[in-house]
A.B. asks: 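Here you go, one structure.
Bear in mind that the values here come from a model prediction, so they are computed numbers and not experimental data.
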Amino acid sequence: MTSNIPPAYNPKLTEEKWYNFWETEKLFHAEANPEKKPYCIVIPPPNVTGILHMGHALNNTIQDILIRYKRMKGFESLWMPGTDHAGIATQNVVEKELAREGKKRQNLGREKFIERVWQWKEKYGSTIITQLRKLGSSCDWDRLRFTMDEDYSRSVSEVFLRLYEKGLIYRGNYIVNWCPRCQTALSDEEAPHKDMEGLLYYIKYPFKTTDRRPQTEDYIVVATTRPETMLGDVAVAVNPKDKRYKNIHNETIILPLVGRELKIIKDAIVEPEFGTGAVKVTPAHDPNDFAMAKKHGLEPVLVMNPDGTMNKNAGEYAGMDRFEAREAIIEDLKERGLLVKIDKHPYSLGHCYRCHTIVEPYLSKQWFVSMKPLAKPAIEAVRKGRIKFYPERWTRVYLNWMENIQDWCISRQIWWGHRLPVYYCKNCVNSSLRGASVASDEAISKERLLRSQKLARNDEIGIIISRVKPEKCPDCGSADIYQDEDVLDTWFSSWLWPFATFGWPQAKKDLKYFYPTSALITAQEIIFFWVARMIMAGLEFMKTVPFRDVYIHGTVRDDTGKKMSKSLGNIIDPLDIINEFGADALRFSIISITAAGQDVFLSRQKFELGRNFANKIWNASRFIIMNLKPENVKSDLCVSYNSPDMNLADKWILSRFYQRLSEVETALESYRFNEAASVMYEFFWHEFCDWYIEFSKPSINETHTQIVLYKVLEKSLRVLHPFMPFITEEIWHSLLPLTIACPPKPWRRRDHRLSTIMSQPWPHVQKQMINKKIDGQMQVLIDCIVAVRNIRAAWNINPSVRVDIFIKAKKDAVAVLAASQVYIKNLARVEGLNISGDAKKPPKSAAAVLKDIEIYVPLERYINLGEERQRLSKKIEEICGILKGIDAKLSSRDFLKRAPKEVVEAKRQRKAELSDTLKRLEENYADLG
RNA sequence: GGGCAUUUAGCUCAGUUGGUUAGAGCGCGUGCCUCACAUGCACGAGGUCAGAGGUUCAACUCCUCUAAUGCCCACCA
């Protein structure tokens with residue numbers, strides 16, 4: 001079976017096969033197991049609308065590496081998978097689908113629409129889950145969760161209830177970020193600001209009467225970036241300290257175009273430096289103005305509809321889109337001579353994170369969570385180090401946001417999502433609303449809510465918070481009860497992910513075992529949305545942190561540094577890459593080029609790195625498998641290690657392997673994945689393949705060589721498995737029949753340890769085999785071979801030509817080289833090899849001078865003495881340069897006095913060595929005449 | 001307005017606690033289809049570590065400032 005291994009690795013023949021095998025054998029499944037320690041990662045649940053992009057590829061590769069590593073390390077390793085219902089995003093997708101049929105969701109009605117979304121979810125919602133499998137993700141699919149699962153939804157209502165009872169949830173009229181396209185409120189995080197090139201309009205607001213004022217003007221000029229909102233102005237504000245306006249008291253202004261009379265108010269919030277120092281006050285469309293109006297007892301005037309068109313308060317502009325109205329208003333103001341000027345004004349505007357529409361600050365009645373009380377313990381937890389961020393710098397970002405946290409608007413005016421567990425008694429609501437001013441009433445209710453838990457319940461008459469729909473109103477007994485129309489922010493369910501996925505609030509055994517989870521792997525964009533809120537929720541409802549470590553990886557960009565996005569057309573599709581290069585190549589490449597926490601710049605070409613490495617592994621394995629004889633490789637490595645047959649190369653590669661293994665572990669434990677990957681790359685390719693396998697060839701049939709080839713390959717595969725699960729599994733199965741006298745029936749379920757690499761233990765570092773002396777001796781041999789190759793290359797000697805060489809070496813080196821003659825002959829293509837303590841340089845030969853060694857290669861037919869002189873003089877120069885540097889140090893009295901003794905001693909020794917080398921080089925040089 | 005990150009070979013980037021000659025991949029040059037691998041092998045060229053100060057016996061590494069680029073945050077009418 002071994003001889004027909006193809007000479008190039010073909011991922012297509014292995015990936016699906018092994019993934020299916022792992023999955024059907026339930027090798028990803030984890031369960032509470034008191035005999036093992038838990039290791040758990042909850043996946044950042046991708047949106048059901050999601051399709052795999054490179055960000056996911058990076059994120060999930062990292063998680064899979066950790067999960068597989070810990071699993072092999074003997075942990076009960078659970079990767080909890082799932083998807084997020086992604087309220088607005090999913091609703092948008094389905095609405096688009098409806099639009100293609102010429103329908104709107106309103107035509108269907110809420111119930112039918114929701115049904116339609118569920119259908120869509122059933123059909124397309126697991127696309128990304130399928131794609132994650134192609135990556136090799138070893139998620140426990142039996143536990144797949146969805147944020148709208150029944151029990152998950154129960155957790156969400158439970159949380160709402162508990163927070164409400166604690167007085168941390170309130171309803172009120174406030175300025176929120178309103179997306180006129182999605183027609184819903186958004187949280188601050190959902191409306192990221194973008195810098196824009198805007199305009200600042202200066203508009204004259206005439207005074208009603210002009211007689212009693214000292215100024216000559218009969219108007220006041222205000223500056224605004226959103227002229228259309230002036231229709232909702234209720235006052236003009238100036239700073240009380242502003243001298244320009246100190247004589248203005250209680251004057252009345254006529255709002256242009258509208259004719260409404262406005263007061264001038266004085267408020268310190270107004271920045272005298274900005275614009276004219278006079279600001280129009282539009283409480284229904286600006287948070288500052290809203291606050292100011294409340295302070296001065298002014299009623300807001302809303303001038304827009306939820307869809308961003310002007311409403312009936314806008315008079316003749318009613319029905320126009322907000323930006324259309326802006327143009328019209330400017331035209332009209334111009335006509336009336338009320339437009340003073342228009343300045344360019346860069347500013348930043350919130351944009352809907354789902355549809356990128358400019359959000360409108362908009363007064364509306366929404367539900368909020370008071371965040372300060374939740375933030376407090378979450379700040380503590382990070383400050384005290386109970387949660388650690390990697391890289392550490394994100395700690396500050398997190399703390400800064402937490403310390404300035406704002407209340408969270410959680411109600412959304414969409415249909416797809418968790419309905420608020422809020423019910424209203426029509427009877428009570430109607431009676432309580434009579435005659436009340438909405439704005440002030442709500443403002444008071446917040447205060448009261450916060451003051452006392454008991455008051456909170458009765459605060460708003462007619463509101464019932466309940467897990468299930470109440471039959472009757474507890475106050476008036478009426479059965480005329482309806483549920484709040486709104487749904488909750490998607491993140492109001494995702495923030496429960498680390499425990500709601502385990503069935504909280506039931507105290508299930510898995511929850512106890514796996515919570516707190518071990519690590520969270522995510523991207524920087526999501527720290528506020530998700531990470532911070534999970535920490536708050538975990539502390540609030542579980543009383544402990546939801547995870548110990550947070551690893552923040554970089555953002556995936558194209559090779560010019562732009563974010564990958566569909567609209568930019570610079571997407572590299574992971575599935576394309578998997579198709580062309582293989583999943584292992586994708587995984588290894590992306591992990592190799594991602595320095596801890598730095599952004600990743602990708603291009604198609606970069607995936608060749610992983611593909612080539614996979615191919616290298618494949619071919620090295622192919623070579624070994626082709627040559628292995630099962631009877632040779634049964635013995636224990638530790639026993640064989642002490643056999644006299646074990647030679648320098650054998651011991652060296654083992655020393656290197658265990659050294660590298662410990663480096664990989666250190667790197668993985670500190671989330672330095674690229675380092676772990678490159679350590680293995682360097683080891684496997686350059687130490688194992690380039691040197692050891694080449695060394696092994698002359699003695700390929702000897703037992704010691706076979707054992708070492710096999711053991712190092714087999715262990716390397718295990719270490720590489722978390723990074724490249726497919727190819728390592730495939731090779732593992734080719735290796736199996738050679739090593740087990742009686743191979744098990746292929747992949748017997750009970751005996752995973754034998755049948756699959758992913759259930760193998762991670763290799764232990766055998767410290768006793770890490771041997772610096774062996775490493776040093778091997779270095780002499782390697783240097784020697786390189787030196788000969790060097791000479792051959794310099795004189796252009798065809799590889800088919802074997803040369804004779806003479807080595808003059810000091811005693812220790814003679815012993816090492818003499819024992820390794822076969823290697824020198826093989827790897828440097830040497831015919832006659834003479835090693836001695838006093839070899840004489842033959843005439844017309846090239847020379848190499850190393851520490852303790854000189855090498856002479858007689859080259860009558862090739863050599864040109866003049867060029868050889870040049871070659872040597874270059875080396876002489878190089879060494880002189882270094883010596884000069886060392887001399888400068890050693891002649892510095894301060895250095896000798898202050899530097900540690902070891903450092904001084906090392907310099908001295910180095911100087912002695914180099915001087916010796918230099919002397920011998922010069923002799924050789926002189927010899928050339 | 002605050003904050004963060006980046007600046008090292010032609011390109012893309014590593015470089016943990018300051019201490020021999022600063023590394024890799026790609027690209028480039030030369031020679032090789034050497035019986036595992038041309039997705040390969042061997043050898044090589046290429047860097048005053050953004051700039052200026054400072055700390056230190058010693059700075060790519062620590063501190064200050066400057067410049068360029070990118071990102072995040074903020075109630076900039």
Side-chain angles (χ1 to χ4, degrees), chain A residues 5 7-9 175 192-193 198 200 222-226 229 237 269-271 274-276 278-282 286-291 345-348 361 393-394 396-397 400-401 404 406 524-525 527-528 555 557 559 561 563 581 585 592-593 595 597-599 601-603 605-606 608-609 611-627 666-667 670 672 674-675 678 681-682 689-690 693-694 697 786 789-794 796-800 827 829 878-879 881-882 885-886 889 892-900 902-904 906-907 909-910 913-914:
Chain A
I5 298 176
Y9 172 57
I175 300 287
H193 285 224
L200 189 61
V222 300
T224 178
T225 54
R226 296 188 295 153
T229 63
I269 199 169
V270 180
E271 193 65 60
F274 191 93
T276 58
V279 57
K280 63 197 246 338
V281 180
T282 321
D286 182 281
N288 282 327
D289 295 4
F290 179 77
H345 180 66
Y347 61 155
S348 72
R393 66 171 185 271
W394 296 109
R396 284 184 59 190
V397 175
N400 185 48
W401 184 79
N404 297 297
Q406 302 293 313
Q524 156 226 317
E525 298 97 78
I527 294 178
F528 307 141
T555 305
R557 301 173 183 282
D559 54 356
K563 257 188 202 177
F581 299 93
S592 299
I593 58 185
Q598 291 306 121
D599 286 353
F601 296 79
L602 281 184
S603 66
Q605 196 204 9
K606 289 191 174 168
E608 289 173 6
L609 168 83
R611 179 201 57 184
N612 295 351
F613 187 46
N615 199 51
K616 191 71 185 178
I617 296 170
W618 182 256
N619 275 292
S621 306
R622 189 165 82 113
F623 172 77
I624 292 168
I625 289 166
M626 284 189 328
N627 285 289
T666 311
S670 47
R672 297 201 303 267
N674 66 319
E675 201 176 305
S678 36
Y681 180 94
E682 172 69 21
C689 292
D690 288 352
I693 291 185
E694 292 307 319
K697 285 177 179 173
V786 169
R789 285 171 172 174
N790 205 318
I791 289 171
R792 296 182 60 113
N796 241 323
I797 298 165
N798 192 291
S800 62
L827 298 195
R829 308 202 63 78
E878 197 183 311
I879 291 180
I882 301 164
I886 294 174
K889 289 230 151 179
S892 151
R893 212 179 288 167
D894 284 335
F895 174 74
L896 297 175
K897 206 163 62 188
R898 312 237 172 154
E902 311 84 70
V903 174
V904 176
K907 284 275 180 206
Q909 206 179 327
R910 181 85 182 122
E913 281 165 26
L914 284 173

A.B. asks: Given atom CH2 of A:W618 and atom P of B:A38, what is their separation to the nearest angstrom?
C.D. replies: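 Distance, rounded to whole Å: 14 Å.
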A.B. asks: To the nearest angstrom, how far is A:F601 atom CZ from B:A5 atom P?
C.D. replies: 16 Å
A.B. asks: To the nearest Å, give me how far apart CZ (A:R898) and C1' (B:U55) are.
C.D. replies: 13 Å
A.B. asks: Under the 6.0 Å and 45° cation-pi test, does A:K606 pair with A:F601?
C.D. replies: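 So A:K606 doesn't make the cation-pi contact.
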A.B. asks: With heavy atoms under 4.0 Å as the rule, sort A:D690 into base, sugar-phosphate or nothing.
C.D. replies: sugar-phosphate
A.B. asks: Would the base of B:A58 count as contacting A:K907 through its side chain, where contact means a donor and an acceptor less than 3.5 Å apart?
C.D. replies: no
A.B. asks: Verify the contact: side-chain N or O of A:K616 to OP1 or OP2 of B:C41, cut-off strictly under 4.0 Å; return yes or no.
C.D. replies: yes
A.B. asks: Once side-chain hydrogen bond (donor to acceptor under 3.5 Å, both in side chains) is applied, do any residues pair with A:E675, and if so which ones, sequence neighbours excluded?
C.D. replies: A:R672
A.B. asks: For A:N612 and B:U39, give me the distance from atom CG to atom P, rounded to whole Å.
C.D. replies: 8 Å
A.B. asks: Checking all strands, does A:F581 fall into the base, sugar-phosphate, or nothing category for heavy-atom contacts under 4.0 angstrom?
C.D. replies: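 No contact at all - A:F581 keeps every heavy atom at 4.0 Å or more from the nucleic acid.
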A.B. asks: Tell me, which stems hold RNA chain B, with a stem being 3 or more Watson-Crick or G-U pairs in a row and both distances under 3.5 Å?
C.D. replies: B:1-7 with B:67-73, B:10-13 with B:23-26, B:28-32 with B:40-44, B:50-54 with B:62-66
A.B. asks: Check whether A:N615 reaches the backbone of A:Y9 with its side chain - one donor and one acceptor, N or O, closer than 3.5 Å.
C.D. replies: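 Flag set: sc A:N615 to bb A:Y9 pair under 3.5 Å.
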A.B. asks: Does a side-chain N or O of A:R611 approach OP1 or OP2 of B:U39 to a distance below 4.0 Å, or not?
C.D. replies: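 No.
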